[in-house]
Protein chains: 2
Amino acid sequence: MTALVKAEAFHTGAVPFNSEIVIDASRLAAGASLKTLRAGETLFVEGDRAPFCYQVVSGVIKEYNTLEDGRRQVADFYSVGDLFGFSEAKHHLCSAEAVTDGTVRCYPKDAYLRAISSSPELSYQFLGALMSRLHRTRERMIVLGRMSAAQRVAAFLLRLSAEQQTLHGVTFLMSRQDIADHLGLTIETVCRILTSFKKSRLIEMKTARLFDVLDIAALDAVANGVARPH
Amino acid sequence: MTALVKAEAFHTGAVPFNSEIVIDASRLAAGASLKTLRAGETLFVEGDRAPFCYQVVSGVIKEYNTLEDGRRQVADFYSVGDLFGFSEAKHHLCSAEAVTDGTVRCYPKDAYLRAISSSPELSYQFLGALMSRLHRTRERMIVLGRMSAAQRVAAFLLRLSAEQQTLHGVTFLMSRQDIADHLGLTIETVCRILTSFKKSRLIEMKTARLFDVLDIAALDAVANGVARPH
DNA sequence: CGTGCAATTGAAAGTACTCAAGCCACGTGG
DNA sequence: CCACGTGGCTTGAGTACTTTCAATTGCACG
């Protein structure tokens, strides 16, 4: 059975949410530059030439695709240490935008990839990181393909909760729209499900962007389909 | 806009469906063995130790995850030339099963990955292949997260059609169940949509496993959401 | 204390799923 | 050769879940 849908996957922290690609880039930093971004600012757009790849220094970045009708699919949220924007293509295959204020390091892509290829050690490390990222993307496929709205939201809450080690509640760094776009739902559905979790005392909303998990086991049960969504 | 949902992505063949990881493995073949599989036979199961990675020599293999309730998400179908089963983990993260009779080459994974890492050229090539695979997985996320049942099926038919260059119709090498599990639908929904395409004269079913595309443009329109699913 | 955007709620409409039969091609045994 | 199973595919009816459209509420800010 898939680890994704098991409780442990979300809160043991065995696989930190967004930190699998955290290669020590010190020796690759030559030629890299820093760029600061305000929340909502666009870093690159699908189809742009892609001379750089990026690493999050602070803040949160989202990568997403836009469909003809304006709907979006948020592929992933990246936080400190995460690499993104790399791809074998000459042009970006998705867009990237700052979710919060933040800073990214920009690496000239060609040089970066060649530097990695030329060192067996870095190479091996990067391959592993890429495979790990591939795995996470596949987990998301399961979420999108096979989980109900309530399961998706529950899983997402657990993931956020596992990521943020704070004891003062968990923060939604992204908007409801971002969450919906990430989970393949509408904003209204996300709201309704949060409300239902609130009513069932699985979580407590302190503000719209801050909540506490009151009952991890029950949330797990919902995420895993053990509990009837209702 | 996302390439996936554009018509060309499906039938120009610019990016052959399953052939991005086709590294010339001649110099890696040392130590590799062949294994023949009958349709339906399992190659490995999620959680198995993973000493090998594999390359399809003939036939079609599917990789999938199973959920507690028995539903499955088919991550991908692999055909001749495709590599699969590699991962940084010690254990397989999904299961693999033969869709048709076929043969796979088995590479000792450690040696394989180290061989690749130690050659800058192979390394660069493999990185690109892996990124390409990552991209395809993301496209699948869009399919699963944002497309209607009719769009999913239309896109799938177009992809099959683009893959198979035959003029004698297109063959479903996999069962309806496999298709449903791949598209995040139920077997009944897949059937109904095929029937509706048949009635609209978008396709013609010659047998349950063999069809002709009668109207590519219209199928594209459905896949891209231009045509109202009806 | 408005203003404006984000979030929430309600009602109605779809869409895809579940359950339950029916159909069809094929292989087996009488 | 044909009845009988068998397994995969197709169809139907009813249901559950999610979305759509339309307000309404809440909250940060000037």
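This structure is a prediction, so every number in the text was calculated from the model and none was measured.
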Flag the pair Phe197(B) / Phe211(B) as yes when their ring centroid distance falls below 6.0 Å, and as no otherwise. no
Let me know the distance between NZ of Lys198(B) and P of dT10(D), rounded to the nearest Å. 6 Å
Contact class for Ile187(A) vs. all strands (heavy atom < 4.0 Å): base, sugar-phosphate, or nothing? nothing
Examine Phe52(B) together with Phe44(B) and report whether their ring centres are nearer than 6.0 Å. no
Can you tell me the distance, in whole Å, between the CG atom of Leu194(B) and the C1' atom of dC24(C)? 16 Å
Below the 4.0 Å mark, does dA16(C) have OP1 or OP2 next to a side-chain nitrogen or oxygen of Thr189(B)? no
For Thr207(B), answer base if it contacts any base atom (sugar-phosphate contacts may also be present), sugar-phosphate if it contacts only those atoms, and nothing otherwise; contact means non-hydrogen atoms under 4.0 Å. nothing
Pair Tyr107(B) and Phe86(B), ring centroids less than 6.0 Å apart: no
Using whole Å, report how far CZ of Arg192(A) lies from C1' of dT19(D). 8 Å
When Cys191(A) and Arg146(A) are each assigned the nearest nucleotide of DNA chain C, the 5'-most assignment goes to Cys191(A)
Between the base of dC19(C) and the side chain of Glu188(B), is there a donor-acceptor distance below 3.5 Å? yes
How many whole angstroms separate atom CZ of Phe211(B) from atom P of dC9(D)? 14 Å
With a 4.0 Å cut-off on heavy atoms, is Arg209(A) in touch with a base, just the backbone sugar-phosphate, or nothing at all? sugar-phosphate
Closest to the Thr195(A) side chain: dA13(D), dT8(C), dA20(C)? dT8(C)
Separation of dT19(D) C1' from Leu185(A) CG (nearest whole Å): 10 Å
Once you apply a heavy-atom cut-off of 4.0 Å, does Ser175(B) come out as touching a base, just sugar-phosphate, or nothing? sugar-phosphate
Once you round it to whole Å, what is the distance between P of dC27(D) and NZ of Lys206(A)? 15 Å
dG14(C) P sits how many Å from Met147(B) CE, rounded? 22 Å
Phosphate OP1/OP2 of dC17(C): any Thr186(B) side-chain N/O under 4.0 Å: yes
Classify Arg71(A) by what it touches in the nucleic acid, base, sugar-phosphate, or nothing, heavy-atom distance under 4.0 Å. nothing
State plainly whether the residues Asp178(A) and Lys62(A) are in salt-bridge range, i.e. N to O under 4.0 Å. yes
Tell me whether Asp181(A) is salt-bridged to Arg146(B), with the criterion being a basic N under 4.0 Å from an acidic carboxylate O. yes
Look at the side chain of Arg176(B) against the base of dG7(D) and say whether a donor-acceptor pair falls under 3.5 Å; ignore hydrogens and angles. no
Rounding to an integer number of Å, can you tell me how far Ile179(A) CD1 sits from dT18(D) C1'? 17 Å
Other residues, nucleotides and ligands only: do more than 12 of their heavy atoms fall within 6.0 Å of NZ on Lys109(B)? yes
Need the bend value for the helix from dC1(C)-dG30(D) to dG30(C)-dC1(D): angle between end axes, 5 pairs each end, nearest 10°. 20°
Any side-chain to backbone donor/acceptor pair from Glu63(A) onto Gly85(A)? Under 3.5 Å, distance only. yes
Think Arg152(B) forms a cation-pi with Phe156(B), using NZ or CZ under 6.0 Å from the six-ring centre and within 45 degrees of its axis? no
